[in-house]
Amino acid sequence: MKYIAHKFLLLSVAVAIMTPAVAQTPEDEGVDTLTVQPQQVNVAFRKVEKQDLSGGVSFYSVRDLLEKDYNTFALDGAQSLAGGYNGNIWGQGALVLIDGVPRDAGADVRANEVESVTFLKSANAVALYGSRGAKGVILITTKRGQAGKREINIQANTGFYVPKRYPQYLNSWEYMTLYNEALRNDGLDELYSSQQIQNYYSATDSYRYPSIDFYSSDYLKKAYNHSDVTAEISGGSERARFYTNVGLAHESTLLNFGEGKNERNLRFNVRGNVDFKFNDVLSALVDATAILSTNRFAKGDFWGQAATLRPNRFSPLIPISAVEESSGLQALILNGSRLIDGKYLLGGSQLDPTNAFADVYASGYNVGTTRQFEMTVGLDFDLEKWLKGLSFQTRFSIDYSSGYNESYAYTYAVYEPNWYTYNGVNMIDGITKYNEDRSTGTQDVENSWYQQTLAFSAQFNYNRTFADVHNVSGMLLASGYQRTDNGKYHKISNANLGLQLTYNWKHRYYADFTAAAVHSAKMAPKKRNAFSPTFSLGWRLSQEEWLKYSPIVNELKLTVGAGILHTDLDFENYYMYKGYYSQTEGAWYSWKDGASSIQATESRRGSNPDLGFVKRKEFSIGLDGSFFNGKIDANLNYFYQRMAGMPIQLNSQYPNWFLTYWPGSSFLPYVNYNEDRRSGFDFAVNYNHKIGEVNFTLGATGNILSTEAIKRDENYEDAYQNRVGKPTDGLWGLVSDGLYHCQEDIDRAPATSSFGEVKPGDIRYVDQNGDGIIDSKDEVYLGHAGWGGAPFSYGINLTAKWKNWTFFLRGTGSTGTYGMKDNTYYWVYGDRKYSEEVVNRWTFETANTATYPRLTTLSGNNNFRSSDFWRYKSDRFDLAKIQLTYDFPTHVLGNGWVRGLKLYVSSDNLLTISGERKLMEMNIGGTPQCRYFNLGGKIQF
């Protein structure tokens with residue numbers, strides 16, 4: 001792969017050297033010729049002029065965005081710029097295509113390689129992509145060279161990630177005190193004596209009386225660095241155009257001890273896009289990308305154990321200076337033990353023979369390597385000589401990615417000291433050793449994987465204008481792709497034929513018919529083919545005589561669309577239509593008084609020869625306009641869709657003997673049954689205004705989403721538990737009614753808990769059905785979880801330009817959703833680590849003010865379950881980006897070889913505004929969220 005990437009880079013540079021520069025007249029200098037041409041937008045398998053777009057399409061220029069907003073992720077800031085997108089499209093996941101091929105927006109491309117991003121939202125806009133594109137498509141188009149415009153750009157950035165917030169856990173003496181309280185609550189004896197707690201409270205010796213703080217400066221840096229540099233070379237002539245991008249990025253991590261100091265991520269990428277025009281008939285393109293990534297990281301799970309390891313378990317390090325000299329242990333230690341910094345042993349215990357600290361110090365490291373190679377070749381034929389307006393194009397792509405981890409296997413010894421006090425000094429007179437320090441000397445290669453994607457398309461295009469008013473276009477398309485993953489028998493495939501017929505009269509009245517014939521091997525044999533028709537009508541009102549010369553309306557277009565798409569995206573596996581029997585999973589039966597046994601052959605699923613595609617039925621309306629001489633630009637879309645026939649195994653529609661739980665057996669087939677509704681409204685509005693010498697652009701985007709379960713297989717005794725009629729992203733749980741204050745409260749309660757013994761300080765629940773028992777039948781709808789998007793999500797962006805200064809800001813937000821505080825930071829029971837959340841726990845003294853249930857060393861099954869006691873509102877606004885840029889004026893640069901120079905400072909993820917800000921800025925069991933502060937520059941030759 002390195003050889004091919006190297007040769008392709010040499011080819012791109014050779015094209016740059018051999019391509020003659022096109023002379024510019026003084027009048028042409030500094031003029032971008034693209035700005036005088038109609039704006040073209042990438043849509044499905046073609047480009048169209050912006051004025052001719054159908055509804056349900058949003059787009060923006062990444063090239064322009066990067067002039068004021070440095071970022072590395074291709075979709076960074078998209079919610080602030082495109083209506084209807086908030087991580088998905090109209091509440092559903094989208095297919096991401098990079099230059100027409102299914103690829104990863106994060107791993108396969110960087111933002112500075114991208115020209116534009118288009119969001120295809122409506123059924124009419126995505127129909128040509130067949131089954132796999134039926135829930136929305138994101139088109140990422142990379143940069144290409146321009147004839148007569150040779151450019152060399154060098155951009156460099158460096159900055160620091162600064163953690164926003166760490167979890168707050170109790171120290172050792174606090175934990176020990178409260179753990180004793182939990183034992184008393186459970187009627188058990190205390191574990192820690194008052195003297196032990198006092199010793200830890202005094203903290204006179206942190207080695208003998210440790211209080212482990214994973215987030216202290218002993219183990220973590222205050223910030224870590226990210227740096228990257230990119231070189232872009234582009235240009236060419238009418239015969240050959242090229243674009244080359246070479247980038248290198250390096251990033252360290254927060255760990256500041258042991259192998260953690262050496263952790264780093266390194267990424268190198270090279271891209272070359274070359275276009276050839278051989279003659280008036282034949283053109284071609286060759287695109288190639290190579291990406292090599294290596295990341296070195298310490299073994300173990302430091303961040304995971306930070307959320308679980310109790311602070312008093314052991315000291316991570318034991319000073320050998322504390323070992324009594326007369327004991328003879330020092331010589332033994334110095335001769336045969338692994339020492340940290342020449343003066344510490346690794347701490348541990350019989351219960352902790354391995355731990356996160358020792359792992360980072362002594363268990364070695366992994367080096368993960370990934371290699372990616374992507375290539376696309378294409379041919380374009382202009383068939384104008386044979387039929388005016390006819391052309392043909394074809395594309396073939398092959399992507400190959402692979403990865404593996406390399407490491408050496410190390411084991412290490414940990415030591416548990418025996419402490420005593422002599423003349424007020426803590427000393428060690430004995431040590432217990434667990435495990436041994438050894439290395440096999442063998443390098444391990446593991447976690448290897450590969451992925452291959454093949455993509456192909458071929459299409460006839462027809463574009464012609466008759467009598468200067470009738471604009472007719474058409475497309476006949478065949479396309480498909482196939483992805484192979486190691487360890488998976490079946491490939492992910494998509495194959496379809498497409499037909500598109502469009503007409504407009506004077507770019508005023510529009511009609512579009514787009515359809516696809518789709519195929520999927522996931523369906524039953526006689527249901528594997530389907531036809532997906534869509535249509536749209538458009539009316540460009542601003543071209544009507546009664547509006548054409550309006551001083552208010554510059555552009556105004558109305559579109560209406562509808563369609564039915566068939567998709568297999570909701571089918572998790574192949575052969576779901578087919579019933580099968582299993583012996584390997586069958587129950588064991590015995591005879592001869594248990595002397596012999598055999599495993600039964602049992603049915604696991606019934607067959608359904610009529611299992612077919614899920615249908616997306618949709619109606620949409622779009623409105624696009626520009627007003628007051630371009631001061632206001634607006635794009636608005638309304639959509640109503642049904643996802644019908646989602647596959648499930650129906651329990652309620654078959655006799656109960658079709659399913660048994662012991663022995664586990666089922667004759668239930670998958671059928672097309674479930675149905676969901678999604679409807680809503682999205683918008684993107686930009687306001688442009690000049691105040692004095694300052695040019696302002698204020699943009700706002702939004703997506704209003706409503707979902708409803710229309711059809712479900714359910715048979716609840718109580719109607720309030722039915723999912724039909726409720727949002728598809730519903731949170732369900734019990735309704736709490738405070739905490740039990742005393743035993744009399746429990747005795748007087750109208751309902752008893754089925755979740756175990758209840759004591760004072762436990763959560764009291766509402767008996768919804770009045771049967772006197774609190775159980776799962778009392779769970780009700782608690783609100784939107786926002787899995788497919790909040791009821792209202794929005795974004796803003798602001799640009800202010802004054803002379804050579806540019807200020808840019810963007811933010812995102814959402815309202816109307818709820819979350820559940822159900823991770824280990826909030827659900828503290830048994831031997832779990834105690835967080836600050838338990839401080840305001842219930843006790844008899846705090847019965848009237850407590851906000852947390854009583855502590856327990858048991859399972860706490862009554863308290864720690866889904867209920868509104870743990871529910872919180874997840875409304876939020878995030879100030880995602882601020883950047884200040886200075887472009888050096890041309891008179892400063894002179895007429896030398898430097899054509900442009902800019903410097904900028906920026907910050908990402910600055911601020912979260914929310915009633916639950918602390919929760920939303922805090923990660924439990926993982927690396928922390930960070931703010932990023934960056935300094936960068938770009939020079940153009």
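Worth saying up front: this structure is predicted, and the values here are computed from it rather than measured.
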Q. Should Y932 and Y161 be marked as a ring pair (Phe, Tyr, Trp, His ring centres under 6.0 Å) after you check the CA-CA gap, both sets of side-chain angles, and the distance that decides it?
A. CA-CA 4 Å; Y932 180 63; Y161 287 98; 4.5 Å; yes
Q: Give a yes or no on whether the ring-centroid distance for F45 and Y129 is below 6.0 angstrom.
A: yes
Any donor-acceptor N or O pair under 3.5 Å, side chains [X], [Y]:
X	Y	answer
N366	N405	no
N265	R267	no
N797	S80	no
T230	N112	yes
S479	S457	no
S293	N295	no
E251	Y224	no

Side chain proximity check, [X] to [Y], heavy atoms < 4.5 angstrom:
X	Y	answer
T118	V41	yes
R132	L569	yes
L254	W303	yes
Y404	R371	yes
D275	Y243	no

For residues [X] and [Y], report the shortest heavy-atom separation together with the two atoms involved.
X	Y	answer
P525	Y577	CD-CE1, 3.7 Å
N494	G130	OD1-C, 4.3 Å
F59	Q39	CE1-NE2, 3.1 Å
V137	A94	N-CB, 4.2 Å
W90	N703	CD1-OD1, 3.8 Å
A111	V62	O-CG1, 3.6 Å

**Q.** Test side-chain contact (heavy atoms from CB on, under 4.5 Å) applied to Q451 and R483, step by step
**A.** CA-CA 7 Å; Q451 183 183 93; R483 194 181 79 194; 3.5 Å; yes
Q.
Applying side-chain hydrogen bond (donor to acceptor under 3.5 Å, both in side chains) to N635 and N637, what does each step give before you reach the verdict?
A. CA-CA 7 Å; N635 177 269; N637 294 279; 2.9 Å; yes
Pairing residues for [X] by the ring-ring contact (aromatic ring centres under 6.0 Å, His included) criterion, not counting sequence neighbours:
X	value
F119	Y85
F460	F392
H250	none

Q: Using the side-chain contact (heavy atoms from CB on, under 4.5 Å) rule, take M523 and F613 through it: C-alpha gap first, then chi angles, then the decisive distance, then the call.
A: CA-CA 7 Å; M523 305 301 108; F613 288 93; 3.8 Å; yes
So does [Y] get a backbone contact from the side chain of [X], meaning a donor-acceptor N/O pair under 3.5 Å?
X	Y	value
E263	A298	yes
Y462	L501	no
N245	R271	no
R239	F278	yes

Q. Looking at T701, L65, L75, which hits side chain to side chain contact (heavy atoms under 4.5 Å, CB included) with L81?
A. L65
Q: For side-chain contact (heavy atoms from CB on, under 4.5 Å), just list the numbers for L477 and Q500, CA-CA rounded to whole Å, side-chain angles, deciding distance to a tenth of an Å, and then say yes or no.
A: CA-CA 8 Å; L477 166 76; Q500 186 173 65; over 6 Å; no
Q.
Go through it in stages, so that I can follow the logic: the residues are K121 and F639, the test is side-chain contact (heavy atoms from CB on, under 4.5 Å), and I'd like the CA-CA distance, side-chain angles, deciding distance and then a yes or no.
A. CA-CA 9 Å; K121 299 175 286 189; F639 60 94; over 6 Å; no
(Q) Which residue is it: K277, R46, R395? I am looking for the one with a salt bridge (charged side-chain N to carboxylate O under 4.0 Å, His left out) to D380. (A) R395
Q: Just grab all the side-chain hydrogen bond (donor to acceptor under 3.5 Å, both in side chains) pairs involving residues 59-72, residues at least two apart or on different chains.
A: S61-D64, R63-E115, E67-K902, E67-K938, K68-T799, D69-R810, D69-K881, Y70-D228
Q. Sequence neighbours excluded, which residues qualify as side-chain contact (heavy atoms from CB on, under 4.5 Å) partners of Y450?
A. Y400, S402, T484, N486
Q: Could you grab the distance from atom CZ of R528 to atom OG of S520, nearest 0.5 Å is fine?
A: 8.0 Å
Q. Considering the options T289, N273, D287, which one meets the side-chain hydrogen bond (donor to acceptor under 3.5 Å, both in side chains) requirement together with T142?
A. N273
Q: Start with the C-alpha distance between N461 and S473, add both sets of side-chain angles, then the distance that settles side-chain hydrogen bond (donor to acceptor under 3.5 Å, both in side chains), and finish with yes or no.
A: CA-CA 7 Å; N461 302 311; S473 66; over 6 Å; no
Q: Would you sort out whether K135 and T567 count as a side-chain hydrogen bond (donor to acceptor under 3.5 Å, both in side chains), showing the intermediate values?
A: CA-CA 8 Å; K135 293 187 178 182; T567 178; over 6 Å; no
Q: Name all pairs fulfilling the salt bridge (Lys or Arg N to Asp or Glu O under 4.0 Å) condition that reach into residues 398-407, sequence neighbours left out, sorted by first residue then second.
A: R103-D399
